[in-house]
Amino acid sequence: MTAIQPAVDTVEHASGTPDLEQPYRELGLKDDEYARIKEILGRRPTDAELAMYSVMWSEHCSYKSSKVHLSYFGETTTDEMRSKMLAGIGENAGVVDVGDGWAVTFKAESHNHPSYVEPYQGAATGVGGIVRDILAMGARPLAVMDPLRFGDPEAADTRRVVHGIVAGVGGYGNCLGLPNIGGEVVFDSSYQGNPLLNALCVGAMRVEDLHLAHASGTGNRVVLFGARTGLDGIGGVSVLASETFGGDEHSGGRKKLPAVQVGDPFTEKVLIECCLELFAQRVVVGIQDLGGAGLSCATSELASAGDGGMHVYLDRVPLRATGMTPAEVLSSESQERMCAVVKPEDVDAFMAICAKWDVIATDIGEVTDGDHLVITWNGEVVVDVPPRTVAHEGPVYHRPIERPADQDALQADTPDALARPSTPEELLALVTTMASSPNLASRKWVTDQYDRYVRGGTVLAQPSDSGMIRIDETTNRGVALSTDCNGRFTKLDPYAGAQLALAEAYRNVATSGATPVAVTNCLNFGSPEDPAVMWQFEQAVKGLADGCAELGIPVTGGNVSFYNQTGSTAVLPTPVVGVLGVIDDVRRRIPTGIGAEAGETLLLLGDTRDEFGGSEWAHVVHGHLGGLPPKVDLAREKLLGEILVAGSRDGMVSAAHDLSDGGLAQALVEACLIGETGARVFLDGDADPFVQLFSESAGRVLVAVPRTEELRFTDMCTARGLPWSKVGVVDPEAGALEIQGIGTLPLAELREAWEATLPALFD
Amino acid sequence: MSLRVGVITFPGTLDDVDAARAVRYADAEAVPLWHADPDLRGVDAVVVPGGFSYGDYLRCGAIARFAPVMQSVIEAAGKGMPVLGICNGFQILCEAGLLPGALVRNSKLHFVCRDQWLKVENNTTAWSSRYERGAEILVPLKSGEGGYQADQRTLDELEGEGRVVFRYVGGNPNGSRNEIAGITSANGRVVGLMPHPEHAIEALTGPTDDGLGVFLSLIDAVGVPA
Amino acid sequence: MARVVVDVVPKPEILDPQGQAVANALPRLGFEGVTSVRQGKHFELEVDDTVDDATLAKIAETFLANPVIEDWVVRRVDA
Amino acid sequence: MARVVVDVVPKPEILDPQGQAVANALPRLGFEGVTSVRQGKHFELEVDDTVDDATLAKIAETFLANPVIEDWVVRRVDA
Ligand SMILES: Nc1ncnc2c1ncn2[C@@H]1O[C@H](COP(=O)(O)OP(=O)(O)O)[C@@H](O)[C@H]1O
Ligand SMILES: [Mg+2]
């Protein structure tokens, strides 16, 4: 078996063969996009250039459909909001100054489609990718989170996807040594053929150690380090090879390559330690992770962020497979690789550190004066492009936008007519039914597969409202994070839905005692070519940006994932919002479970209205989705947050749990079970008990305050205009949740209902 | 001068920072040891921490046992130096032959992370003397291959000689034979366990501070150097 | 009763971190001359005589192997 | 150059949760007649001709398998 040496399509060859047919359509480029590439280059692109442009101009890399909308985040961010931001949208990840000389960086990313094709590896490499983004900023990755969406829990294929994704998130994150401090597990049939795997990573560094990727300084070396480059994820680009070689696997073409990448968390763990040592020894000028578009992305982005010139000797790239073409090497999505720019005098020290960690490092080129990215292959020029045209000047689309024709009908179909429970027996049974429903049941089956302890900084993780980590052992400064999104709310009203997601994440962070300071997002939508989807997207972006402006916290970064649909049916619009909070002393964190102190009073903060549009109750009991989502009041959320943080600071609050899906009933169940303590609850006799227990009105939190602090705390609420009501007392002796006038539920029975559901479905 | 306790880092070790912190919380000095360097730097005891040494792709601990530092540890253990293996460290000590038996995939095949009750069965080892015999402690367990296996003869021997140090209570989390969570060498100086006492040294970041006793016990075993 | 062996290995173009870890470790342990290692899974099945080859292939393909990233071979062996 | 296969399986008296999980799942997937499954590891090595059988046995015994819980077989196969 002899490998045929590929004849390489050089720039010279391209100039001489202007009319050669190229498979640009198979690579996803439109006629006018291809024409523009020819115009930029003044000739047809080489195979390698075509590979680069096609992947960098894809929706995923170029944000061509979302760009015009995302700029709204920048427009709505004031200087005041920006004041704590050290890096924002456009960088690998946003960076926020959190005090004591610490900078925190965090970002979420999606890996949805790969996680359907090969759930384990798709999820694993999703985690790996976001961790490298954080690492590229110069930060030590500290924790991960994983907002997940799955199809109908009863459907046969859901089991495959759940098992694979959860094991993949755990397998990679556990082996990497990053605690998993939170996430989401949501089931809805719209995700049946298109689960969502979003992964978030948070890291920290000293403010002065912030590294932004750039490649300035003529003569600086470009070093590729980490794993070897193989045929991973180049399924699309294989059309180039097959075009030249007739597409037969045995003649050098590679028709049927899987687009699947396999992760190697061990290599990534070593890469993390190696990178951190490189940063600490100050032997790198800039660093870039290799993500979606591999070397195409890393070289063009590094070059355009610097002075613009770079020469890469592509044949030096260490390969894992034989006979790879330049186009394949440039497009390979092999994981666990990084690219650094290093001063010539630091190269020896750089290589020594890599050798210590057994990391393969190769000098693959240099920064040049001039403004072209030139890539050679065995001495022949295969790429010669202005790098900005690859990395940043891709196409921009103003896609048609149209409010869906059935949106009015959807909103008019309110849940008002749905049958409600009325007798105490029905209400009591509903508490258990809701607690055991797949979206409200305990997430333990999932989270027990994730290491939440490693690194010893985890202060709060599941089942708390937010994940919290200590970042400084001497001062006890820490950060808290929560991700949220209710796709049903967003479907009913994308603008309000995005704000509700923001409000919930904000509230979760504040509920644990931290002050929210910054936002990231992962916007999962259907096809941008569908005007109705674009309307949802535009509305959600507007809602989120306006909401952030009202709360005074900036969006520091995010990710857009389009084409999430099965056939022509889009998933529920799912703009996952992540909020980062700061807490100056993690020892004053507020736990979620009640019973930490004897004789606590239970207070409900906020207003409860008859709001059931998009609620979990309508979904579980009636399979209904219609009407309007709950009202958003961000000023109220802000006040609520301030009260909670003040309460934590002054030791007035011993536990708190925010109200969201399932309303007060579910919050009570969780607060009791997590705290392993019973409670006696009294409802307002003048109001509808069903509404009091199950409404999903926003802006509410259940707090437990020690008897001695009750007056001080309620006085503060009253003085600041926050409605509160006394809803019960903690009762350690009871061993039950007693709702007066309705009935009593022994904790053991509730625990069984809450904890048995996911094991029953998936064990 | 305080007690000097070596903490080994292999490529892929994860809980070394935590083990070192636990050593410091016990008022001893944590001395970093590097897998490729056979020098034990004059330490009084060694902790082999948790993680996935060299990725653990072949079999947990299979590659790490051959590391230069482990050759020194094996030799020092032979002369009575206290050695503690936690999780991956336990697996490495078994692979290295310092402790009998082996650890296999959890019976439910999933990685398990949970707060786990353990019973202290033997309080005469270098790493358990601070506990009352029969005491129950709550520490994190987090592992995918934590099922303790050994042939019947070995098990009989371990039980007969009282060399089971920690036993799971409240249900077997991973299919370990005889609910074994941790064992010791015949001389009581080498101890290996799957659960993580180093993650239970303060209530802020662990379920309890029950695990600190493991590290404090060492002071009794070695004595504080003058 | 028959004994059947199914071997599952990662496809050649797919990264094999396990095999790579073994290959990298061997020289360190003093074993020279092993130039490449791939690590896969090995299943030994006892099956009734009613189970035909087509069924065995189906079991291997749909369950024991993940054809997206793995190749597999089924062999009947003498008991 | 020679190709060598090493198969490693859990000893019969050692619990094999992976094999058991496969055995339990098969009937649920509609495959009847598989009475027992053991799951082990399968290694494919490329070795120089200088590597003799004794060395291969040593690699298998000291490294690829853990003799406390596993049995192993080495086979040379035609390239
Ligand atoms: N996929 C997941 N990974 C990690 N933690 C999760 C995951 N899903 C849920 N959790 C955690 O479980 C707890 C309960 O989740 P959830 O009910 O969604 O919280 P909330 O309603 O407060 O947003 C939270 O601590 C959350 O972070
Ligand atoms: Mg919450």
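We use all heavy atoms of the structure for the numbers below, so side chains are in, but hydrogens, waters and symmetry mates are not. Each chain gets a letter, A, B and so on, in the order the sequences are listed, and its residues count up from 1.
- Neither the backbone nor the side chain of Q18(D) comes within contact range of chain C, judged by heavy atoms closer than 4.5 Å.
- If you measure heavy-atom distances from F43(D) to chain C, the contacts under 4.5 Å come from both the backbone and the side chain.
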query: What's the verdict on side-chain contact (heavy atoms from CB on, under 4.5 Å) for L15(C) and Q20(C), showing C-alpha distance, side-chain angles and the deciding distance?
result: CA-CA 9 Å; L15(C) 177 69; Q20(C) 209 166 311; 3.6 Å; yes
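- For the atom pair CZ (R76(C)) and CG (L45(C)), the distance works out to 10.5 Å, reported to the nearest 0.5 Å.
- Chain D forms more heavy-atom pairs under 4.5 Å with one residue of T50(C), T62(C), L26(C) than with any other, namely L26(C).
- Proximity to chain C (any heavy atom under 4.5 Å) is restricted, for V51(D), to the side chain, taken from C-beta onward.
- Of the possible polar contacts, one joining the D52(D) side chain to the T55(D) backbone as a donor-acceptor pair under 3.5 Å is found.
- In this structure a side-chain-to-backbone donor-acceptor pair under 3.5 Å is missing from D48(D) to T35(C).
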Derivation and outcome, side-chain contact (heavy atoms from CB on, under 4.5 Å), residues I69(D) and K11(D): CA-CA 6 Å; I69(D) 46 171; K11(D) 279 187 198 285; 5.8 Å; no
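- Heavy atoms of V34(C) lying under 4.5 Å from chain D belong to its backbone as well as its side chain.
- With respect to chain D, the highest number of heavy-atom pairs below 4.5 Å among V22(C), V4(C), V6(C) belongs to V22(C).
- Not one N or O on the side chain of E61(D) forms a donor-acceptor pair closer than 3.5 Å with the backbone of A57(D).
- Looking only at heavy-atom pairs under 4.5 Å with chain C, the residue among L29(D), L64(D), L56(D), D49(D) that has the most is L29(D).
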